[in-house]
Amino acid sequence: MTQTSAPTPPKSEKQNQHFIPRWWLKAFADRGGNIWALQGDQVQVVGAGSVMSADWIYTLFDSWWRPSDAVEDGLSKIEGTASRLFRNIEASGAAGDEDWSALLWFIALTACRHPTTMDRSVELSKELGVFLSEVKTYPDGAAFETAFESRFGSKPPVDMHPILSSLPQRTIDGSILKLLELQPYDPSMPQTDALLATDDVAAVMRSMDCRLLTAPAGAYYVLGDRPLPAKDVAHGFTIPLSKTLALEASPGSSSTGARSSAEATADEIEASNLAQVQRAERTVIGPDREALRSLAPPPEKKVKR
């Protein structure tokens, strides 16, 4: 009997993987090269290698269940190009049409590659599965389409209702059960599939009005470990590109969106920094220890018993 042997194992060497590149983090260092981090109510110096990362988040398994660095390696190449783009924009405080397009695509990738987004994509896939398992409870295709669009924000494929409705319920339930049992790293539906939405998210961002906001002398931006809203980015956001430059995006006034540059006001910087702190899960970095300390949430009062 002939046995099929597994092909050559893929490369898998990278355990700790950054969802915010190190070069981006280093852009928030002070003049001495120190990166200050607010974690809870404590402010301390951290290394770029020790924050905004996690183990195995982009590790991809093949059909033989062998880990691969393919996604991480691909992201590293993209980050190299983005690093040069950020430096060029930082130096000039402005961007041409191509740079704007590339910048917004990378910001869209940043949104899609965040662990929170990838976790949510897996959850949403399972919620979709549960919804589809109930297809026969809808009296007709129109009712199904209305419910689908209300729940997921887009219309279903035209033939989804008739095809699913024609299947035995036992077949549907069996498929959904397998879906619900999948782990985030399962090769049949890995959490890294969330990165496939990058082009769609970038299209939304490119339709928005965008400004590059340069901080005046003595003022600085901070960056949190969840730099973008977890959802509804089309409603607007500000994301710092460095300690002195941020991108502000707001709902577009035209299909292509306006582009401009300006010096940020004190209120705009304060609003950006507060948003970064409020969204952060664990860490906010910046170049100024005391400024970060002032952003720390007040300590919780202990209730006497």
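Because the structure is a prediction, the values reported are computed rather than measured. Heads up: numbering here begins at 1 and tracks the sequence. Below, all heavy atoms of this structure are taken into account, side chains as well, without hydrogens, waters or symmetry copies.
Evaluated for a side-chain hydrogen bond (donor to acceptor under 3.5 Å, both in side chains) with K14, the options T59, D69, D73 yield exactly one hit, D73. Partner of P240 under the side-chain contact (heavy atoms from CB on, under 4.5 Å) criterion, chosen from F28, W24, Y220: F28.
Here the straight-line distance linking atom CG of L223 with atom OG of S272 works out to 9.0 Å at 0.5 Å rounding. Here CD of Q44 is found 10.0 Å from CG of L38. Values are rounded to the nearest 0.5 Å. Here the straight-line distance linking atom CE of M208 with atom OG of S253 works out to 11.5 Å at 0.5 Å rounding. Atom CG of L180 and atom OG of S133 lie 8.0 Å apart (nearest 0.5 Å). Expressed to the nearest 0.5 Å, how far CG of L228 lies from CD1 of I107 amounts to 6.5 Å. Taken from CD1 in I176 to CG in L128, the straight-line distance is 7.5 Å, to the nearest 0.5 Å.
Taking hydrophobic clusters as Ile, Leu, Val, Met, Phe, Trp and Tyr residues chained together by side-chain heavy-atom distances below 4.5 Å, V122 does not share a cluster with Y185. If you chain together hydrophobic residues whose side chains sit under 4.5 Å apart, L124 and L179 never meet in one group. Linking ILVMFWY side-chain heavy atoms closer than 4.5 Å, directly or via other members, places L103 and F19 in a single hydrophobic cluster. Under the 4.5 Å side-chain heavy-atom criterion for ILVMFWY residues, no single connected hydrophobic cluster contains both W36 and I20. Under the 4.5 Å side-chain contact rule for hydrophobic residues, V46 and V222 do not share a cluster.
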Checklist entry - How far apart are the C-alpha atoms of V51 and I35, what are their side-chain angles, what is the distance that settles it, and do they pass the side chain to side chain contact (heavy atoms under 4.5 Å, CB included) test? => result CA-CA 10 Å; V51 293; I35 301 174; 5.8 Å; no
Checklist entry - Passes side chain to side chain contact (heavy atoms under 4.5 Å, CB included), Q17 versus V71? Steps please. => result CA-CA 11 Å; Q17 301 163 347; V71 173; over 6 Å; no
Checklist entry - Hey, mind stepping through W100 and L247 against side chain to side chain contact (heavy atoms under 4.5 Å, CB included) and telling me if it holds? => result CA-CA 10 Å; W100 269 116; L247 165 67; 3.4 Å; yes
Checklist entry - Can you check side chain to side chain donor-acceptor pair (under 3.5 Å) on T214 and E263, steps first, answer last? => result CA-CA 5 Å; T214 303; E263 182 173 284; over 6 Å; no
Next on the checklist: Set out, in order, the CA-CA distance, both residues' side-chain angles and the distance that settles side chain to side chain donor-acceptor pair (under 3.5 Å) for T265 and D267, then state yes or no.
Outcome noted: CA-CA 5 Å; T265 66; D267 287 345; 5.3 Å; no
Checklist entry - Can you list the steps and then say if D288 with D30 is a side chain to side chain contact (heavy atoms under 4.5 Å, CB included)? => result CA-CA 7 Å; D288 189 308; D30 64 17; over 6 Å; no
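For the residue pair T244/E90, the side-chain donor-acceptor check at 3.5 Å is satisfied. For the residue pair Q39 and T283, a side-chain donor N or O sits within less than 3.5 Å of a side-chain acceptor on the partner. Looking at T116 and E281, their side chains do bring a donor and an acceptor atom within 3.5 Å of each other.
The backbone N or O of A142 lies less than 3.5 Å from a partner atom in the side chain of T146, making a donor-acceptor pair. Side-chain atoms of D225 never come within 3.5 Å of backbone atoms of M52 as a donor-acceptor pair (strictly under, hydrogens ignored). The backbone N or O of E79 lies less than 3.5 Å from no partner atom in the side chain of S83, so there is not a single donor-acceptor pair. A donor-acceptor pair under 3.5 Å links the side-chain atoms of H18 to the main chain of A48, judged by distance alone. A donor-acceptor pair under 3.5 Å is formed between the side chain of S76 and the backbone N or O of E72.
Using a 4.0 Å cut-off between a side-chain N of Lys or Arg and a carboxylate O of Asp or Glu, E290 and R293 qualify as a salt bridge. Ion pair E123/R120 flagged as a salt bridge, since at least one NZ, NE, NH1 or NH2 atom sits closer than 4.0 Å to an Asp/Glu carboxylate oxygen.
Scanning both residues, K243 and A29, for their nearest heavy atoms gives NZ-O, 2.7 Å. Taking every heavy atom of both residues into account, A194 and S121 meet most closely at CB-OG, 3.6 Å. Shown here for Q276 and G224, the closest heavy-atom pair between the two residues is OE1-N, 2.8 Å. K126 and L182 get closest at one heavy-atom pair: NZ-O, 2.8 Å. Between G93 and L212, the shortest heavy-atom distance links the atoms O-CD1, 3.9 Å. When all heavy atoms are compared, the tightest approach of S154 to F148 is O-CD2, 3.1 Å.
Between F86 and W23, the distance separating the two ring centers is shorter than 6.0 angstrom.
Within a 6.0 Å sphere centred on CG of D55, heavy atoms belonging to other residues, nucleotides or ligands number more than 12. Enclosure of atom NZ in K231 is not indicated, since only 12 or fewer non-hydrogen atoms of other residues, nucleotides or ligands lie within 6.0 angstrom.
The aromatic rings of Y138 and F131 sit tilted, their planes meeting at an angle between 30° and 60°. Ring-plane geometry between H161 and F144 is classed as tilted, the angle between the planes lying from 30 to 60 degrees on a 0 to 90 degree scale.
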